[in-house]
Amino acid sequence: MALSRIATVLGGLLISKGGRRFAGRHAGKLALATLAWELYQQHRNKAVRSGRRV
């Protein structure tokens with residue numbers, strides 16, 4: 001399974017001290033945003049496969 005773009009960005013954030021501080025402060029928001037993005041992608045992929053427009 002390929003890593004999502006958000007996971008790659010989050011990994012990049014964790015490299016720097018400021019990024020770790022940001023990620024720690026906003027962990028819940030980042031988790032919800034990641035979940036929402038993944039669900040949107042799944043929904044979009046299902047719609048494309050079934051021939052519907054998103």
Side-chain angles (χ1 to χ4, degrees):
M1 184 171 127
L3 287 175
S4 69
R5 289 183 196 158
I6 293 177
T8 305
V9 169
L10 290 177
L13 272 177
L14 297 176
I15 291 174
S16 69
K17 185 176 180 180
R20 285 191 299 272
R21 192 177 321 123
F22 176 85
R25 204 174 322 138
H26 301 287
K29 293 176 206 161
L30 291 170
L32 284 174
T34 302
L35 177 62
W37 178 255
E38 294 294 330
L39 290 173
Y40 170 73
Q41 291 294 317
Q42 287 177 7
H43 171 74
R44 196 174 89 184
N45 289 337
K46 285 181 190 175
V48 168
R49 277 186 293 221
S50 67
R52 290 183 290 158
R53 291 181 67 183
V54 177

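All residue numbers in this chain count up from 1 along the given sequence.
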Nearest 0.5 Å, what's the NE2-CZ distance between His26 and Arg21?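 Answer rounded to 0.5 Å: 11.0 Å.
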Quick one: pull up OG1 in Thr34 and CG in Leu39 and give me the separation to the nearest 0.5 Å.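 The OG1 atom of Thr34 sits 11.0 Å away from the CG atom of Leu39.
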Transitively linked via ILVMFWY side-chain contacts under 4.5 Å: Phe22 with Leu32?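 Different clusters: Phe22 never reaches Leu32 through Ile, Leu, Val, Met, Phe, Trp or Tyr contacts under 4.5 Å.
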Between Leu30 and Ala23, what is the shortest heavy-atom contact and its length?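 Taking every non-hydrogen atom into account, CD1-CA, 3.9 Å.
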